[in-house]
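Here the structure comes first, spelled out in structure tokens, and everything after it is commentary.
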Amino acid sequence: MLVSFRALDLNLLKVFEALMTEGSVTRAANALRMTQPAVSNALARLRDALGDPLFVRAGTGIRPTQRAVVLWEPIGEALESVRGALDEQVFDPARAQTEFSLSMSDYVSSLVMPNLLSHFGKIAPKSRVHTVPNTVVEIADQLEDNRVDCVLSVYVNEAQQPAAIRSRSLWTVDYACFMRRGHPLAAQKRLSTRTFLSAGHVDVSLAGKTMPSYDLFLASRGLSRNLVATVNHYSAAYEVVRQSDLIAVLPSDLRSQSRHAPLLHAMPLPLRAPPRIVSLFWHQRNDTVPAQRWLRETLVAMFAESD
């Protein structure tokens, strides 16, 4: 039998909040300054009261059930409002000693990290930022499992974004056809579709994705190209292009970040794929966490294109 609001021990909601934000009973206990058995006991009482497991084991931590995800938005916002009214706490980046984790490809990292770290050095000098590889199809899992705070990536079109994952568009990726400056095709003003498709290509296939997105686009039009090789880093693709006669469809804005820029030649694509957008992704449970909100607002302010 479910417990009514009148009978519910509201202290249990603080435990629920810690479990949602920490993704681990041990970390929740540390955050609450409680023993692990005490947190486990509180979770058991919550389960009985709400008639749902609320959290299930996932790797070394825990993952919220759908019921917990639905409850989190109103409960998290309510607790944040109460906390703000009582403590008037705000995140002070100048004094905070917070560690943030971001998931992104080397392409996104090369554009984001130099400016972001410079900003942190001025605004949040005691905080730290760590990056992990972006595996594209594991965006939701990385956030659900609390492995990272945010993901900066293009979301795969084949998968539907889970309701608990929030997103904000940042910038549109423009692509060009790259080759070495001495490439036999570099002297042409433009590439015909036939020449482009028959030339040897290298492309980037991030871990977990079997086919580059450009090949999915070509397949949708009944076309295919001579894809000789795939690599799992954008920097490696530029290096392959620089040292071979292979060409590549790569983000044009990365060229300005590459030390090989003077050795590369860019041409317009004869077949232009639909635009792809790099977005900021985070889990709903972090909506009201002050440090997380500050991080997201910083990333949007620094890297989002004007609407």
Side-chain angles (χ1 to χ4, degrees), residues 18 20-24 26-28 30-31 59-61 76 80 89-155 164-173 204 206-208 232-236 238 251 253-254 256-259 276-305:
M20 285 294 294
T21 56
E22 298 296 335
S24 161
T26 301
R27 291 195 295 270
N30 291 335
T60 58
E80 183 66 16
Q89 287 184 345
V90 294
F91 178 72
D92 183 359
R95 303 172 66 179
Q97 299 184 35
T98 306
E99 291 199 0
F100 297 108
S101 57
L102 301 173
S103 173
M104 61 186 85
S105 68
D106 62 315
Y107 154 64
V108 175
S109 182
S110 69
L111 297 176
V112 168
M113 291 306 291
N115 291 336
L116 183 63
L117 291 177
S118 176
H119 181 78
F120 265 59
K122 299 172 184 175
I123 306 300
K126 297 181 180 180
S127 293
R128 302 290 181 265
V129 184
H130 305 287
T131 64
V132 300
N134 172 15
T135 55
V136 183
V137 295
E138 292 185 353
I139 289 175
D141 290 338
Q142 285 183 312
L143 295 169
E144 288 277 8
D145 297 344
N146 212 33
R147 283 181 270 161
V148 297
D149 297 317
C150 297
V151 178
L152 286 83
S153 178
V154 174
Y155 204 80
I165 305 303
R166 304 291 179 85
S167 64
R168 169 64 157 84
S169 298
L170 295 179
W171 73 84
T172 302
V173 183
V204 180
L206 299 175
N232 63 350
H233 291 88
Y234 285 88
S235 57
Y238 279 89
D253 51 6
L254 184 56
S256 62
Q257 307 292 324
S258 173
R259 60 189 173 89
R276 308 197 78 198
I277 299 174
V278 173
S279 296
L280 172 65
F281 298 91
W282 68 95
H283 199 281
Q284 173 182 301
R285 64 171 171 260
N286 288 328
D287 274 348
T288 59
V289 178
Q292 295 288 319
R293 188 166 54 208
W294 176 85
L295 174 64
R296 295 193 302 270
E297 290 173 352
T298 297
L299 290 169
V300 169
M302 293 184 67
F303 302 107
E305 294 176 337

(message) Let's go through N146 and E22 carefully: what are the C-alpha distance in whole Å and the side-chain angles of both, what is the deciding distance for side-chain hydrogen bond (donor to acceptor under 3.5 Å, both in side chains) to 0.1 Å, and is it a yes or a no?
(response) CA-CA 7 Å; N146 212 33; E22 298 296 335; 5.3 Å; no

Problem - Step-by-step side chain to side chain contact (heavy atoms under 4.5 Å, CB included) determination, F281 to L143 - result: CA-CA 8 Å; F281 298 91; L143 295 169; 3.9 Å; yes

Exercise for the section: Step by step, work out the side chain to side chain contact (heavy atoms under 4.5 Å, CB included) result for L152 and L102. Expected result: CA-CA 7 Å; L152 286 83; L102 301 173; 4.2 Å; yes

Stepwise side chain to side chain contact (heavy atoms under 4.5 Å, CB included) check, V204 with N232:
CA-CA 5 Å; V204 180; N232 63 350; 5.8 Å; no

task = Go through the steps to decide whether M113 and V129 satisfy the test side chain to side chain contact (heavy atoms under 4.5 Å, CB included), and finish with yes or no.
result = CA-CA 9 Å; M113 291 306 291; V129 184; 3.9 Å; yes

Evaluate N134 against S153 for side-chain hydrogen bond (donor to acceptor under 3.5 Å, both in side chains), listing each step before the verdict.
CA-CA 7 Å; N134 172 15; S153 178; 2.7 Å; yes

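Under the 3.5 Å distance criterion, the side-chain polar atoms of E99 are left unmatched by any main-chain donor or acceptor of H130. In this structure, T298 contributes its side chain and W294 its backbone to a donor-acceptor pair below 3.5 Å. With hydrogens and angles ignored, the 3.5 Å screen pairs no side-chain donor or acceptor of S279 with any backbone N or O of L170.
Separation of atoms CZ (R168) and SG (C150) is listed at 13.0 Å; rounding is to 0.5 Å. The distance from atom CH2 of W282 to atom OG of S167, rounded to the nearest 0.5 Å, is 6.5 Å.
Contact annotation: the side chain of L116 approaches that of M302 to within less than 4.5 Å [non-hydrogen atoms, C-beta and beyond]. Between L280 and F303 there is no side-chain heavy-atom pair separated by less than 4.5 Å. Using a 4.5 Å cut-off on side-chain heavy atoms (C-beta onward), M104 and T131 make contact. Proximity of F120 to L295: side-chain heavy atoms (C-beta onward) are separated by under 4.5 Å at one or more points. Between Q292 and F91 there is no side-chain heavy-atom pair separated by less than 4.5 Å. A 4.5 Å side-chain heavy-atom check between R147 and D141 finds at least one atom pair inside the cut-off. Contact of the H283 side chain with the D149 side chain is not registered, since no non-hydrogen atoms from C-beta on lie closer than 4.5 Å. A heavy-atom distance below 4.5 Å is not found between the side chains of I277 and V173.
Of all heavy-atom pairs spanning E144 and A164, the tightest one is OE2-CB, 4.2 Å. Of all the heavy atoms in P133 and S103, the pair that sits closest is O-OG, 3.2 Å. The two residues V151 and V148 have their closest heavy-atom pair at CG2-CG2, 3.8 Å. Taking all atoms of both residues into account, the shortest heavy-atom contact from S109 to P114 is O-CD, 3.6 Å. Of all heavy-atom pairs between S127 and A96, the closest is OG-O, 3.3 Å. Taking both residues in full, the closest heavy atoms of S169 and A304 are given as O-CB, 4.0 Å, listed atom of the first, atom of the second, then distance.
Ring geometry for W171 versus Y107: interplanar angle over 60°, hence perpendicular rather than tilted (30 to 60°).
Within the structure, the salt bridge (charged side-chain N to carboxylate O under 4.0 Å, His left out) test picks out the following pairs touching residues 285-302 (sequence neighbours left out): E80-R293, R166-D287.
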